[in-house]
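To start, the structure under review is shown below, and the notes come after it.
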Amino acid sequence: MLQQIRPTSSISGAITLPGDKSISHRYAMLAAIAEGVTKIENYSSGADCQSTLACVRALGAGVERLDGVTSIEGRGLDGLRESSETLDAGNSGSTIRMLSGILAAQSFTTRIGGDESLSRRPMDRIMIPLRQMGACIEASEGRFPPLTIRGAKLQPIEYTLPVASAQVKSSVLLAGLFAPGRTTVHEPVRTRDHTELALREFGAEVEVEKRSISVIGLPHLQGRELVVPGDLSSAAFFLVAALIVRESALTIHGVGLNPTRSALLDFLAEMGAAIKILDVKSTGGELIGDVLVRKSPVRGGILEKARTAALIDEIPVLAVLGAVSEEGLVVRDASELRVKETDRIATIAENFRRMGVAMDVREDGFAVPGRQSFRAAELDSFGDHRIAMAFSVAALVADGPCILDNAESASVSFREFFDTLQRVAG
Ligand code: S3P
């Protein structure tokens, strides 16, 4: 789909966002292996989270959607059944990596794959620890989807993550639910802790000591009622849009503010962004609040080490902000960007090139000088949702209308993105 995006003079009003993608996946997977019904409000409407729902349905969980509430009837720890078809994780790395932890422990074999982009993403990062637990997993060329997972009796392990990855941590912790005893994951840097919080909500015993997380196997998980906060990573596109478009003032209601995700707000505030947070509450162990943002000059800055890991999904739109900032943006320690839905260093660089924006590319990062202006251009998402949305934001401040090719990929995490953008652009 080709989408035209016109420059705009303000981003204003009040919006709410679809449910957090990371939290939605976790609630759906845990609901499927819990006893009884889980009712989830504001479950993400993005295609990725719909892939997770389709997978758990194919494994025997009851899935229904009524009046905006997603109900999942769980089958208990040993109640899933074999799917006659290959499970389709679509574009979703979270679905295939985290669900594999559950599939590894079943009494049946499952094949799980996904689209072309997912089929190029490395799965050895979950295969290594799951095999240590006793799992039998085969992959294309030894490391790519589709995966064939022969269920086995799992043993608890203690595992140190070689890469900072919440998906890998979660895959091991979910597998640990099926292993008798204590499974522990040590993280090099703290990654998002939605799995730990969700496990507790469903009744599992989880211990967290600094960067070591343990789960005790064979718990009784109980279905429950949950509300998914708005997705802060989706909010990022609107925050940056409001920061860079003149005369902007935007309120985003009900955004997830989990401290392991909110490094974005700290980074923006440090750079001088006018952001206020109001009305913070807690739901299901997750923080949620309203975020107010006004157009403001931002200084720019450096992202490296743990901070790069904490902001990894927001880097495409931060690159756009960097190019209009006063001092530019330097990103280091970001080799993970190369193995996301696209090689994001390459796809950011290519769209900047088309807009006449300079960027210095490195193997594990990049540098974008500040005070640049954006030329109208034909842009491309290359099938990557965050590239689609980041460059839609860039197009708002271009010197003429832009065309975005493969714009439909935004719906992987944010089905209502272009409608929401149209509503606030004035
Ligand atoms: C996610 C973790 C991150 C992130 C992805 C969602 C999650 O991936 O980039 O969008 O929900 O756990 P990694 O675990 O590969 O860092």
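Remember, it's 1-based here, ligands and their atoms both numbered in the order they're listed.
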Next item on the list: Could you pull out the closest heavy-atom pair between Ile277 and Val291, with the gap in Å?
Entry: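 Closest pair (atom of Ile277, atom of Val291, distance): CG1-CG2, 4.5 Å.
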Item checked: Heavy-atom pair with the smallest gap, counting every atom of Ser392 and Ile5 ->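 Here Ser392 and Ile5 meet closest at OG-CD1, 3.5 Å.
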Assess whether a salt bridge exists between [X] and [Y], defined as any Lys/Arg side-chain N lying under 4.0 Å from an Asp/Glu carboxylate O.
X: Arg26; Y: Asp193; value: no
X: Arg120; Y: Glu116; value: yes
X: Arg75; Y: Glu73; value: yes
X: Glu201; Y: Arg224; value: yes

Check: Looking only at distance, does Ala166 have an N or O less than 3.5 Å from an N or O of ligand 1?
Finding: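 Yes - when backbone and side-chain N and O of Ala166 are compared with those of ligand 1, one distance drops under 3.5 Å.
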Next item on the list: Could you pull out, from Glu336, His385, Lys340, the option with a heavy atom nearest to atom 3 (C) of ligand 1?
Entry: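 It is Lys340 whose heavy atom sits nearest to atom 3 (C) of ligand 1.
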Work out whether the distance between some heavy atom of [X] and some atom of ligand 1 is less than 4.0 Å.
X: Ser94; result: yes
X: Arg26; result: yes
X: Gly93; result: no
X: Met98; result: no

Check: Identify the closest protein heavy atom to atom 13 (P) of ligand 1: which residue and atom is it, and at what distance?
Finding: Ser165 OG, 3.5 Å
Check: Among protein heavy atoms, which lies nearest atom 10 (O) of ligand 1, and at what distance?
Finding: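 Looking only at protein heavy atoms, the one closest to atom 10 (O) of ligand 1 is Asp313 OD2, 2.9 Å.
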Notebook entry, point to check: Stepwise, does the salt bridge (charged side-chain N to carboxylate O under 4.0 Å, His left out) test hold for Arg261 with Asp231?
Noted result: CA-CA 10 Å; Arg261 289 284 294 285; Asp231 197 319; 3.3 Å; yes
Note to self: Heavy-atom pairs closer than 4.0 Å: do any link ligand 1 to the side chain of Thr195, the backbone, both, or neither?
What the structure shows: neither
Next item on the list: Of the side chain and backbone of His25, name the one, both, or neither that has a heavy atom under 4.0 Å from an atom of ligand 1.
Entry: neither
Notebook entry, point to check: Hey, are Ser409 and Ser381 close enough side-chain-wise for a donor-acceptor pair under 3.5 Å?
Noted result: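 Yes, because at least one side-chain N or O of Ser381 sits under 3.5 Å from a partner of the opposite role on Ser409.
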Next item on the list: Please check if any side-chain donor atom of Thr342 sits under 3.5 Å from a side-chain acceptor atom of Thr347, or the reverse.
Entry: yes
Atoms of ligand 1 less than 4.0 Å from [X] heavy atoms?
X: Ala164; answer: 16 (O)
X: Ser22; answer: 6 (C), 7 (C), 11 (O)
X: Ile312; answer: 9 (O)

